[in-house]
Amino acid sequence: MDKDAVAEVLKEIGVLLELKGENPFKTRAYVNGARTLEGLTEPLETLIQEERLGEVKGIGKALVEKITELVETGELEYYTNLKASIPAGLIEMLDVQGMGPKKVKALHDKLGIESIEALEAACEAGQVAELDGFGKKSEEKILESIAFKRQHASHHHRHKMLIAAEPILDDLRSHPDVIRCDIAGSLRRGKEVSGDIDFLVSAKDSADIIEAFTTRDGILSVLAAGGTKASVLLEGGIQADLRVVEDSEFASALAYFTGSKEHNIVMRQRAIDRGLRLNEYGLFKSTEETRDPELRLDCKTEEDIFAALDLTYVPPELREDRGEFDAAENGDIPRLIEWTDLKGSLHNHSNWSDGHESLEEIAEHMSGLGLAYWAVTDHSKASFQANGLDEARVEKQLKEIAAVNQKLKDAGNSFRLLSGIEVDVLKKGLDFEDDLLAQLEVVVASLHVAGSDEKDNTKRLIAAAENPHVHMLGHLSGRLLLERAPQKLNQQAVIDACAETGTWIELNANPYRLDLDWRHWQYAKSRGVKCVINCDAHRAEHAGFLRIGTAIARKGWLAKEDVVNTLPLKQLKKQLAKKRN
DNA sequence: GCCGTTTTCGGCCCGACTGTTTTCAGTCG
């Protein structure tokens, strides 16, 4: 079992223990352990073999034993027994608004409720309101939440959130009463999916801002509206929250509402260690509960707060308690990549396979955006459903790309199309022979049809990485966010193979993929593996994915020099030639 | 369950809100 699968088991143990009513700090220890595993920059197998796993902070004796059992046998008796003792439906019930472990447990103990359906029926029958700690209102809220969950997905892809959020942000910023305004929450942290959009505003007077926010076009319903906060439901079932604060509180409120929760916990502990207290209202010279302005340190910006806690600034994308505190203490926070650093994309499609535009149209559009190059990597013949190219069509397309480039050159335009292929990684090997691949400037190898055997899938991808003509692996895990889980695969083993062979790994910037996942990039970077942020564009407007992919790369701690397609064309070509030599 | 030059036991982040309560437990972010 690989470390991600182990982490998933530990997280589930945490949830199960909560439902059992275990000590909350014990449940947290499991969740912390899971997150620690995800962030390891050394292979888990090595740590186990060398008996160094227990030296990792957050992993003690009990977790070492359990993790070792999982890695070595793929199973864990403790987990199997725990799972068997708790009905699966209880976990699902935690997703209902207002339902936490205690309430789920009470409903199970007293009414024998084990599923959302049973919960709904009990509410409708009025049984829930009879219980201690519940009432008529609880019953109504539970029914409302179940209905809402059925109608709307609980999370939304990043591009949908940005499209919904940015016009609102613009309007808030142009409101005369608004002093400062920003998006907070997971959207600001660059997360691949978010549950809601958080807006933070500082203003002298909040009433008019709340009014404007709750009455704008495109709002399905107002969920709550008070003096300083409001929640609305936008079209598409997206929830948006607004919080208005005093300008003197803006920095601490922005830090607080940006999170993550885990990051905030460490920040507050650092404050305590220095005899201070940090909350959303400020950083105070007191360890007692206070909002006294006299005791408040003057922090106008988030930078000031970090500085007061002896840290350099931590960009929002890194605030996940995955090593940012050590780095910020030592001045080792990298200068993260900006999307304007990118010069092109190396995995894209045209109307030769399942893309929308012709080669000429693509060149015109991408050149117009100010990019320097754009690789055309249509599907190979095994992807029949996508109109994949056979050998003869590849040869023909090569000539057409040369013709388009000649035209650009004659017109004095330095933009270039690069020839290429997204070659299928099949059970028997790559879909094309080496001599054909050698003729193409960019070769992306992608596993489109994975088997059910983890070892076999892993082996196939490692073999692809070992091919000297393959520059990079495309959308490694094959996941579709909120739709399809990753393929059965030992991603760490594939990353190791890429490190050894000098193969790049794509960060597929399609908002449904964002694959390789940001959680793996710190490890890949530590092994010296280079990243390529690719649009996997099927339409010209997909060039905009570069911005989303960059947010994920930043979350993975990547700097400009870690990403190959920040290079100008000449240097990129040199790097492309490197592996083949 | 984890952690520790003030500790191997007794801590473990913080505040608001909600609905249920006469003072608070549970949930949420």
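Chain A is the first sequence line, chain B the second, and so forth, proteins listed ahead of strands; every chain is numbered from 1. These values consider heavy atoms only, across backbone and side chains, with no hydrogens, waters or symmetry-generated copies.
- Separation of the P atoms belonging to dT18(B) and dC12(B) is 27 Å when rounded to the nearest angstrom.
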Decide yes or no on side-chain contact (heavy atoms from CB on, under 4.5 Å) for Asp177(A) and Lys204(A), but give the supporting numbers first. CA-CA 7 Å; Asp177(A) 293 346; Lys204(A) 281 219 168 76; over 6 Å; no
One pair to check against side-chain hydrogen bond (donor to acceptor under 3.5 Å, both in side chains): Glu246(A) and Ser248(A). What are the steps and the verdict? CA-CA 5 Å; Glu246(A) 302 265 338; Ser248(A) 57; 4.9 Å; no
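- For the pair Asn32(A) CG and dG1(B) C1', the computed distance is 10 Å after rounding to whole Å.
- Salt-bridge check for Glu249(A) with Arg243(A): failed, with every basic side-chain N at 4.0 Å or more from each acidic carboxylate O.
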Heteroatom pairs (N/O) under 3.5 angstrom, protein to nucleotides 3-9 of chain B:
{"residue": "dC3(B)", "atom": "OP1", "partner": "Gly58(A)", "partner atom": "N", "Å": "2.5"}

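- Distance noted for atom C1' between dT20(B) and dT27(B): 13 Å (whole Å).
- With a 3.5 Å ceiling on both atom-pair distances, dT8(B) lacks any Watson-Crick or G-U wobble partner.
- With C1' as the reference atom, dT7(B) and dG15(B) are 29 Å apart, rounded to whole Å.
- Between Phe213(A) and Phe199(A), the ring planes are perpendicular. Angles over 60° get that label, and only those under 30° would be called parallel.
- Going from the C1' atom of dT22(B) to that of dC13(B) covers 29 Å, rounded to whole Å.
- Between the CD atom of Glu192(A) and the NE2 atom of His156(A) there is a distance of 14.5 Å, given to the nearest 0.5 Å.
- Between Glu38(A) and Arg322(A), at least one side-chain nitrogen of the basic residue sits less than 4.0 Å from a carboxylate oxygen of the acidic one, meeting the salt-bridge criterion.
- Between the P atoms of dG1(B) and dT5(B), the separation comes to 23 Å (whole Å).
- When the side-chain nitrogen and oxygen atoms of Arg277(A) are compared with OP1 and OP2 of dC13(B), none of them lie within a distance under 4.0 Å.
- Across all strands, Leu63(A) comes closer than 4.0 Å only to sugar-phosphate atoms, never to a base (heavy-atom distances).
- For Asn279(A), a side-chain nitrogen or oxygen approaches OP1 or OP2 of dG15(B) to under 4.0 Å.
- One C1' atom belongs to dT21(B), the other to dG26(B), and the distance between them is 13 Å to the nearest Å.
- Using a 30° and 60° split on the angle between ring planes, Tyr512(A) and His157(A) fall in the tilted class, from 30° to 60°.
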Dump the intermediate steps for side-chain contact (heavy atoms from CB on, under 4.5 Å) on Thr73(A) and Met1(A), then the final yes or no. CA-CA 8 Å; Thr73(A) 70; Met1(A) 193 180 268; over 6 Å; no
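- The CD1-P distance, from Ile13(A) to dG1(B), rounds to 10 Å in whole Å.
- Of the charged side-chain nitrogens involved, at least one lies within less than 4.0 Å of a carboxylate oxygen, so that Asp517(A) and Arg479(A) count as a salt-bridged pair.
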Given protein heavy atoms under 4.0 Å, the one-letter contact record of nucleotides 16-29 of chain B, with B base, S sugar-phosphate only and - none, is simply S--SS-----SSSB
